[in-house]
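Chain identifiers are assigned alphabetically (A, B, ...) following the order of the sequence lines, protein sequences preceding nucleic acid strands; residue numbering begins at 1 within each chain. Every heavy atom of this structure was used, including side-chain atoms; hydrogens, water molecules and symmetry mates were not.
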Number of protein chains: 2
Amino acid sequence: MPPIPSSLHIFHPCLNHYLKPNFFSLSYFSISAPKFPLSSQLIPINPRTLSSVANALSPSENGSGGGGDRSSALAGPPVLENSVQKIDVNPPKGTRDFPPEEMRLRNWLFHNFREVSRLTGFEEVDYPVLESEALFIRKAGEEIRDQLYCFEDRGNRRVALRPELTPSLARLVIQKGKSLSLPLKWFAIGQCWRYERMTRGRRREHYQWNMDIIGVPEVTAEAELISSIVNSRKVLQEILRSYSISENLFAKVCVIIDKIEKIPIDEIKKELKSVGMPQEAVNELLEVLSVKSLSELEEILGGAGEAIAELKQLFSLAEKFGYSEWIQFDASVVRGLAYYTGIVFEGFDRAGKLRAICGGGRYDRLLSTFGGDDLPACGFGFGDAVIIELLKEKGILPELVPQIENIVCALDHDLQGAAATVATMLREKGQSVDLVLESKPLKWVFKRAARINAQRLILVGNTEWKKGMVSVKILSSGEQSEIKLDDAGTDRLQNQMSEQYTQLS
Amino acid sequence: MPPIPSSLHIFHPCLNHYLKPNFFSLSYFSISAPKFPLSSQLIPINPRTLSSVANALSPSENGSGGGGDRSSALAGPPVLENSVQKIDVNPPKGTRDFPPEEMRLRNWLFHNFREVSRLTGFEEVDYPVLESEALFIRKAGEEIRDQLYCFEDRGNRRVALRPELTPSLARLVIQKGKSLSLPLKWFAIGQCWRYERMTRGRRREHYQWNMDIIGVPEVTAEAELISSIVNSRKVLQEILRSYSISENLFAKVCVIIDKIEKIPIDEIKKELKSVGMPQEAVNELLEVLSVKSLSELEEILGGAGEAIAELKQLFSLAEKFGYSEWIQFDASVVRGLAYYTGIVFEGFDRAGKLRAICGGGRYDRLLSTFGGDDLPACGFGFGDAVIIELLKEKGILPELVPQIENIVCALDHDLQGAAATVATMLREKGQSVDLVLESKPLKWVFKRAARINAQRLILVGNTEWKKGMVSVKILSSGEQSEIKLDDAGTDRLQNQMSEQYTQLS
């Protein structure tokens with residue numbers, strides 16, 4: 001069963017024009033392709049050594065002394081007494097480096113997460129990336145449990161790299177207890193870990209944006225959070241109840257149903273029967289799961305149930321929030337986590353080609369599983385991987401180039417101090433400055449200026465500097481001038497830059 | 001030997017007035033006091049249960065079904081069939097939660113780190129928090145090695161939570177090889193882990209800001225980076241050379257000397273002799289280490305050495321950069337990491353009461369220890385703990401309160417959809433909105449508005465809404481008006497807010 005064509009709304013308003021429905025029907029993006037080719041590619045460097053890594057020595061033990069060999073390091077490798085084997089220069093399997101170009105993308109994405117959170121009045125929080133293993137051990141046999149990145153620390157404590165953020169949220173809410181004023185509206189952006197088999201280009205870590213509302217039992221909370229496919233676990237509960245099936249089965253049944261796209265339907269049937277569901281109930285359950293409209297569901301279940309009522313209210317609120325065209329009912333959405341108790345939802349691209357972009361739901365009884373007092377709660381998680389894949393596929397990732405206002409360069413070695421003074425003056429005015437730290441030919445400086453996308457080149461030359469002046473070149477227009485570096489002069493430089501910005505925008 | 005009174009310059013220009021010398025001579029801050037009392041305090045909640053944690057069940061297995069018990073959760077705990085023992089609600093030993101008030105502080109600090117990095121033209125990068133253990137194993141017997149947070153993963157790989165960022169930087173630079181245009185100016189803000197004994201309130205994780213310049217052999221690179229106490233390891237090398245002591249000893253000697261404030265001087269002497277230094281050399285070394293001025297050092301070592309020349313150039317450049325009053329020579333600074341090869345530096349508060357705020361130096365031969373080609377390199381690390389302690393002690397931590405522009409509330413349950421519409425309109429204009437999601441008395445709404453520091457209360461009432469209007473109250477002045485929610489009306493609301501900002505600033 002492919003993901004249901006739907007859409008996504010949770011994003012910065014400025015991005016909304018990217019995310020209109022018509023953008024979500026283009027081509028397919030192979031998820032086995034490396035998502036971050038730049039960070040994972042291995043650039044061949046001659047292995048210079050043969051002996052074992054155990055020989056890896058501290059620099060001084062290798063080095064040829066404290067002499068003049070430092071500047072020669074640029075020209076070639078220094079002579080080593082003990083050669084060493086090159087380490088594996090890739091990050092550990094399933095993890096990523098973020099070189100500048102990837103980091104700009106990550107910062108851009110997180111900025112959008114934060115901006116949406118700000119607009120909706122959520123406060124940012126975070127928890128340790130390393131938590132007690134007990135926090136993540138649940139009985140429902142979720143996939144997540146088998147994928148725990150867990151260890152024993154030096155104090156013989158069982159710890160785990162967090163696979164998700166919600167249990168930590170629950171722990172903190174219990175800890176803070178009555179000192180918290182409800183409702184809480186909290187968001188977090190944190191790295192989560194799963195020890196998965198490395199198939200289909202999936203990684204073992206990703207960043208996840210979570211938004212959670214604690215203390216609001218009403219469906220207005222879901223409406224505030226939701227973007228996409230909407231369903232309620234209560235539908236399932238009503239079916240189970242109508243067959244007098246124990247509520248104990250509920251979480252287990254959810255976990256099985258969540259696998260419906262991954263394993264054959266006969267396997268699903270077998271698993272449902274093996275946890276104790278009668279054949280008849282399995283059949284009705286699977287019939288209901290294929291329902292794709294609320295009215296159809298109402299016909300099957302009757303209009304009296306709480307599930308139907310809540311879903312109706314949610315769709316009505318979605319109208320008022322202005323995102324009703326972005327959501328769709330799909331009874332097969334149950335989510336793979338055991339703790340959901342009510343409405344659950346997932347966000348997909350309209351083409352339905354990729355995995356879920358985000359997902360969440362109501363989890364009103366998670367706190368009591370940790371021994372705390374329950375509070376009404378709902379939230380969602382939104383990973384950094386699928387959304388980037390999607391935007392990349394659509395060709396609508398922003399081009400994020402380095403941004404710098406000035407590159408400052410001394411034309412003479414003796415003027416490096418003067419260039420430092422110029423850099424300091426500009427930085428004190430809030431201007432960003434790349435200071436050229438070596439004596440380099442002008443050609444090199446222009447090349448660097450282009451690479452770092454500098455807007456202005458400031459040259460500190462002997463004749464001008466004696467008059468307290470510098471030579472200034474706007475790199476986009478080639479316009480050149482000399483400016484005296486008093487207060488008025490630096491102000492003039494600053495205004496020049498603002499004008500440029502105005503012209504550009 | 002107490003830390004030398006010195007100072008710190010690496011910060012946002014806007015903060016400079018906080019960091020003038022006279023601010024650094026106040027009282028002593030006990031570092032055994034919990035640094036984050038809010039996050040570590042345990043608020044007592046009645047343990048409701050007796051049975052073991054193994055009974056922790058998924059919500060549905062505890063729950064009383066899918067009925068109407070959700071809203072009653074606010075009134076009191078639901079009836080549980082199986083009670084569970086409360087988990088330890090504290091984060092793992094040595095780690096922290098970041099509830100909103102701590103997260104605001106962290107974001108403020110990181111914003112300053114990023115702002116300084118932007119002004120100096122550095123690009124942000126990051127690496128995996130989990131790295132191969134081999135990356136951190138060095139032979140010099142540094143403290144850091146014994147404190148590695150290391151594990152074996154499910155694939156039997158030795159991995160470690162990174163104790164520092166520099167080895168990952170070296171790994172990435174080797175991996176990228178010739179595709180990188182030198183010099184690199186990179187910064188990172190990452191969480192680092194050390195399995196320390198939990199004495200004196202030290203934690204096992206902290207965030208560290210690193211700035212590194214790769215590819216510049218000249219001392220201008222250090223000058224660009226440096227804030228505080230300055231020294232060069234080359235001084236040591238020259239002493240070792242004058243006694244014909246093997247260069248192999250260099251890193252080990254540095255690690256021993258770094259402990260000079262922590263263990264008795266006789267222990268230091270003994271350790272130096274035990275690695276093979278003759279008594280005479282030990283004596284001269286200790287004499288040199290007590291030197292506190294460059295001219296005094298020149299008298300002892302003679303003016304010809306490279307160390308003196310570089311340090312002189314550094315102090316001269318510091319003059320030009322405008323921070324010479326912030327730095328001071330101290331021959332005892334060597335840093336505890338084995339890979340430094342030249343100038344090293346540490347930053348302290350002027351009163352010298354706290355641990356180093358930051359530290360760094362030149363490490364021109366780190367890459368070859370990993371089998372790569374060496375490149376000139378220098379950088380520093382700047383933790384999030386000591387600086388916060390210091391600012392707290394000085395009483396100059398900013399008061400970071402929540403910031404929100406609007407709180408929107410329906411006066412009638414039937415108008416919650418209308419309130420949602422109002423929230424969406426304002427958010428589309430870039431305004432932050434806390435939407436009240438439940439029907440609450442006005443008194444509660446005003447209390448919440450005060451707590452979240454909302455600037456404007458927007459009430460959606462029946463009479464006004466029929467005319468497409470809402471009631472607007474500026475909370476600081478009490479000024480009240482009715483506004484029609486067409487385009488002109490929302491623009492008016494937006495302008496009203498900007499005017500308020502102007503008045504406030």
Side-chain angles (χ1 to χ4, degrees), chain A residues 43 45 56 58-61 63 66 70-71 73 77 84 86-87 89 91 95 97-98 100 103 118-119 121 123-126 128 140 151 154 172 174-175 177 195 216-217 220-221 234 237 248 250-251 320-322 338-339 364-365 369-371 373-374 376 404 417 420-421 424 427 432 434 437, chain B residues 43 45 56 58-61 63 66 70-71 73 77 84 86-87 89 91 95 97-98 100 103 118-119 121 123-126 128 138 140 151 154 172 174-175 177 216-217 220-221 234 237 248 250-251 320-322 338-339 364-365 369-371 373-374 376 404 417 420-421 424 427 432 434 437:
Chain A
I43 289 128
I45 301 176
S58 64
S60 59
E61 289 171 308
R70 295 196 330 175
S71 45
V84 289
K86 197 162 112 181
I87 55 153
V89 294
T95 69
D97 286 316
F98 291 88
M103 196 65 197
R118 182 189 73 80
L119 288 174
E123 294 189 284
E124 189 166 0
V125 294
D126 197 8
F151 309 102
R154 290 181 185 216
L172 183 57
I174 295 172
Q175 183 206 107
Y195 199 88
V216 178
T220 45
K234 290 194 181 167
Q237 283 177 315
N248 289 342
F250 178 63
K320 308 289 184 182
F321 270 102
Y339 49 65
D364 284 349
R365 288 192 292 277
T369 68
F370 296 137
D373 291 346
D374 273 325
I404 196 145
T421 305
T424 300
R427 287 168 183 165
S432 57
D434 180 61
L437 300 167
Chain B
I43 289 127
I45 302 176
S58 64
S60 59
E61 289 171 311
R70 295 197 330 178
S71 46
V84 289
K86 196 160 112 181
I87 55 154
V89 294
T95 70
D97 286 316
F98 291 88
M103 196 65 198
R118 182 189 72 81
L119 288 173
E123 294 188 283
E124 188 166 1
V125 294
D126 197 8
R138 291 183 295 262
F151 308 101
R154 290 182 184 215
L172 184 57
I174 296 171
Q175 182 207 109
V216 178
T220 44
K234 289 192 182 170
Q237 283 177 314
N248 289 342
F250 178 63
K320 308 289 183 182
F321 272 102
Y339 50 63
D364 283 350
R365 288 192 292 278
T369 67
F370 296 137
D373 293 345
D374 273 325
I404 196 145
T421 304
T424 300
R427 287 168 183 165
S432 57
D434 180 61
L437 300 167

Honestly, the part of A:Glu123 sitting under 4.5 Å from a heavy atom of chain B is side chain
Among A:Met103, A:Glu124, A:Arg154, A:Arg118, single out the residue with the greatest number of heavy-atom pairs under 4.5 Å to chain B. A:Arg154
Value rounded to 0.5 Å, distance of CG in B:Leu119 from CG in A:Asp434: 12.5 Å
How far apart are the closest heavy atoms of A:Pro128 and B:Asp97, and which atoms are they? CD-OD1, 3.2 Å
If every non-hydrogen atom of B:Lys320 is compared with every non-hydrogen atom of A:Thr421, which pair is closest and at what distance? O-OG1, 3.0 Å
Is it the backbone or the side chain of A:Tyr195 that comes under 4.5 Å from a heavy atom of chain B, or both, or neither? side chain
Heavy atoms only: give me the nearest B:Val125-A:Pro100 pair and the separation to one decimal. CG1-CD, 3.4 Å
Note: B:Leu437 and A:Ala221 closest approach over all heavy atoms is CD1-CA, 4.0 Å
